[in-house]
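Structure first, commentary second.
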There are 2 protein chains.
Amino acid sequence: MATIKDIAKKAGVSITTVSRALNGYSDVNEDTRKKIVETAKLLNYSPNTIARSLVMKKSKTIGLLVSGFIRENAKDNFTIEVMTGVNDYASQTAYDIVLFTTNSSKQREKTYTQLCKERKVDGVIIQGIRTDDPYLEEVIEGEIPCVLVDIPKIGRHAGFVSTDNYAGAWEVGDYLAGLGHTSIGMINGHEFAFVSQERLKGFKDSLSKKQIELPEDRIISGDFTEESGRNAALKLIESNPSVTAIFCASDLMAIGAMTALKSKGFRIPEDISIVGYDNILLSRYVQPGLTTISQDTYGLGYEAAKLLIDMLDHEGEPRKTIVKHELMERDSSAKL
Amino acid sequence: MATIKDIAKKAGVSITTVSRALNGYSDVNEDTRKKIVETAKLLNYSPNTIARSLVMKKSKTIGLLVSGFIRENAKDNFTIEVMTGVNDYASQTAYDIVLFTTNSSKQREKTYTQLCKERKVDGVIIQGIRTDDPYLEEVIEGEIPCVLVDIPKIGRHAGFVSTDNYAGAWEVGDYLAGLGHTSIGMINGHEFAFVSQERLKGFKDSLSKKQIELPEDRIISGDFTEESGRNAALKLIESNPSVTAIFCASDLMAIGAMTALKSKGFRIPEDISIVGYDNILLSRYVQPGLTTISQDTYGLGYEAAKLLIDMLDHEGEPRKTIVKHELMERDSSAKL
DNA sequence: CCAATCATCCGAAACGTTTCGGATTTTTTC
DNA sequence: GAAAAAATCCGAAACGTTTCGGATGATTGG
């Protein structure tokens, strides 16, 4: 509760001097500085960030807007890993993180920018937002520095971090073709995620380069959930009983597909190979272990924070960062 | 960027009136209120929370101090589920959440209370803190309203939420005895978690009520990780080859124990029954499915937020909330 | 020894709100 | 129609910092 004023009085100096002493300015005598620091400690002083923010017009907080923060989504650890990354980088700096959520009732009343403006965050990291979100443009065009996760758009104050989803999917195509598969299906995510588009394109291009067809009716769309993976797999195998490999745009859908196919008597990978995307925690524990594209999710968050804070502290240009990915071969895929 | 002042000027009223109009006070004429609200909208005004906080001495933020927020811990979804619960409740209120972390380099320099005082959070929820944490007492005795997760301690401004770990463990004892097991071992968590003590006590008491012994050398301590579960299981089975059932104080350790035992040629549950605790996501997907005590982790967070905000808004007494638990029978346990 | 330089300090304004206490005008009451 | 009450408004202080623009006294250079 002790303020700078109390220190000033007790130490017999002016408020200005206390402020300057505590902030390491050079125009204060070493002896008085010592005395000031001492009495500050004595009074158990801690600075009032709020008052500071008010005058500095900088809150030293960044907003973490995570829209996938709903209960069901705890399943994949994507969100938490991103958060951990953001948090780890931010905690090395002077910035604190305030959590915004968008699934709540607040969402529809207040736009993201409004939330940010009110809480006076210096910048914001946005994760899990859909491309059809009505406020996406608003935030990209807006004045608040922001970094998008997995949405490749750059604005005057907006950068992004992502992985190379096109390349990742391409590698899956390569891999499956290399195993001798030619009758291949795909279970994609919903169209309102950039990653869906990219993964489809990369996969398709990769296969067509090897003269392997991927007709429309062998591409089923889910919505990234396990449930939708089950349904999509059943639909796919019914209309195209000849497929020997399925690429799923998310691990969760891949896991759903596996259980559905197993329940229909298919053996994995002997009858059908399954490849996922994301390398979520589960994919290592499921039977058989899921072959997938591993993303550096933690790095996604870490780099997002880095990018944003660089923009804030050094007026760095908004730009993009691509983090690495890697094919993890496990037991759900095999030679034809 | 528009302030209350701008509105006042434009609407031709005083600052006071604008403030009172916008905050719904009764001593402002309905017509002037309308005009004020109108011009506020016109100027795209949004209130400056920081200025408000400064004068009100309330920041309307709560700190979420999660010390298990380290990379490895993303494995169990405990942390994120608690967070989701906290977030869900908080987002129905006027409170925002700021994330504190303790594994960072900041930790050793600044105590929790210092962090809270500087950021001027109105209250704090603490999760994953160890009982030997040097600052635990400080925070319980301190002036900042706080709610502890899974640490049953009440202070003048500190309440807690937890599950009944004693009862949960007791039920496991009941259950295993009911299956006919008499030669039973336990893999406990480290001693610096309250839950370890409670779970051990409950399990022991339950068994002894049924004249089943649980000698010291059949209780091995791990540290809640999968790795430690593996090691503990090997140690246990080596010194006590006769055990037919093992109770693990966490699912992660149980999963570790299962893989270790399987690698030694034991069949689960035919040779050895395994029961875990927590019902983490993984336990459902692992082979065989893990019998475990399910906790309402989401509820833990939700109730923690509720408790805290009640303390803040209505000066509610700090108190405790116990959320429910339940035995989930899966395939890792069977009749002897 | 005088002016210039330097080291050290401080007063006051500013940031954007809320709110206390009172002022002014209008309405009610008898 | 005057006093009392009600309705409506406002000035100014306060919250705890930072910082601009000087002020003061000591030191230096010639």
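To find a chain, count down the sequence lines: A is the first, B the second, and so on, and within it residues start at 1.
- Between D/dC10 and B/T17, a contact under 4.0 Å exists linking OP1 or OP2 to a side-chain N or O.
- Comparing B/D27 and A/A51, the nucleotide of DNA chain D nearest to each residue sits closer to the 5' end for B/D27.
- Counting atom types as modelled, A/T49 pairs no side-chain N or O with a base atom of D/dT17 as donor and acceptor under 3.5 Å.
- Rounded to whole Å, atom C1' of D/dT19 lies 14 Å from atom NZ of A/K57.
- For the 3.5 Å distance criterion, the side chains of A/T17 and A/S14 qualify, holding a donor opposite an acceptor.
- The CG atom of B/L54 sits 4 Å away from the C1' atom of D/dC15 (whole-angstrom rounding).
- As a whole-Å value, the separation of B/K120 NZ from D/dT17 P is 8 Å.
- Within the 4.5 Å cutoff, the side chain of B/S53 has heavy atoms near those of the B/S59 side chain.
- Look at A/N48 and you won't find any side-chain N or O under 4.0 angstrom from OP1 or OP2 of D/dT17.
- For B/T16 against D/dG11, a side-chain N or O and a base N or O form a donor-acceptor pair under 3.5 Å.
- Each of C/dC10, C/dT18, D/dT18 was ranked by its minimum atom distance to the side chain of A/R20; first place goes to C/dC10.
- Looking at heavy-atom distances under 4.0 Å, A/T3 makes contact with sugar-phosphate atoms alone, never a base.
- If you measure from atom CE of B/M1 to atom C1' of C/dC15, you get 13 Å, rounded to the nearest angstrom.
- For A/R52, the listed nucleotide lying nearest its side chain is D/dT18; candidates were C/dC9, D/dC10, D/dT18.
- Below the 3.5 angstrom threshold, one finds no donor paired with an acceptor across the side chain of B/S26 and the base of D/dA7.
- Looking at every heavy atom in both residues, B/I97 comes nearest to B/N87 through CD1-CA, 3.6 Å.
- Among the heavy atoms of the strands, none lies under 4.0 Å from A/S53.
- Looking at every heavy atom in both residues, B/Q295 comes nearest to B/T163 through OE1-OG1, 2.9 Å.
- Nearer to the 5' terminus of DNA chain D, by closest-nucleotide assignment, is the contact made by A/K5 (compared with the other of A/N23 and A/K5).
- Listed nucleotides C/dA14, C/dC10, D/dC9 differ in distance to A/V55; the shortest reach to its side chain belongs to C/dA14.
- Rounded to an integer number of Å, the gap from B/I7 CD1 to C/dG16 C1' is 11 Å.
- B/E118 and A/S46 are not linked by any side-chain donor-acceptor pair at a separation below 3.5 angstrom, with hydrogens and angles left out of the test.
- Remark: P of C/dT19 and NZ of B/K58 are 11 Å apart, rounded to the nearest angstrom.
- Taking every side-chain heavy atom of A/V28 into account, C/dC9 is the closest of C/dC10, C/dC9, C/dT17.
- We find that CE of A/M56 is positioned 13 Å from P of D/dT17, with the value rounded to whole Å.
- Within the structure, a side-chain polar atom (N or O) of A/Y25 is placed less than 4.0 Å from OP1 or OP2 of D/dT19.
- Contact annotation: A/S19 side-chain N/O to D/dT17 OP1/OP2 distance is not under 4.0 Å.
- The aromatic rings of A/H190 and A/F192 lie tilted to each other, with the angle between the two planes from 30° to 60°.
- Considering only the side chain of B/I4, C/dT18 comes nearest among C/dT18, C/dC9, C/dT19.
- What separates CD1 of A/I15 from C1' of D/dT17 is a distance of 9 Å, to the nearest Å.
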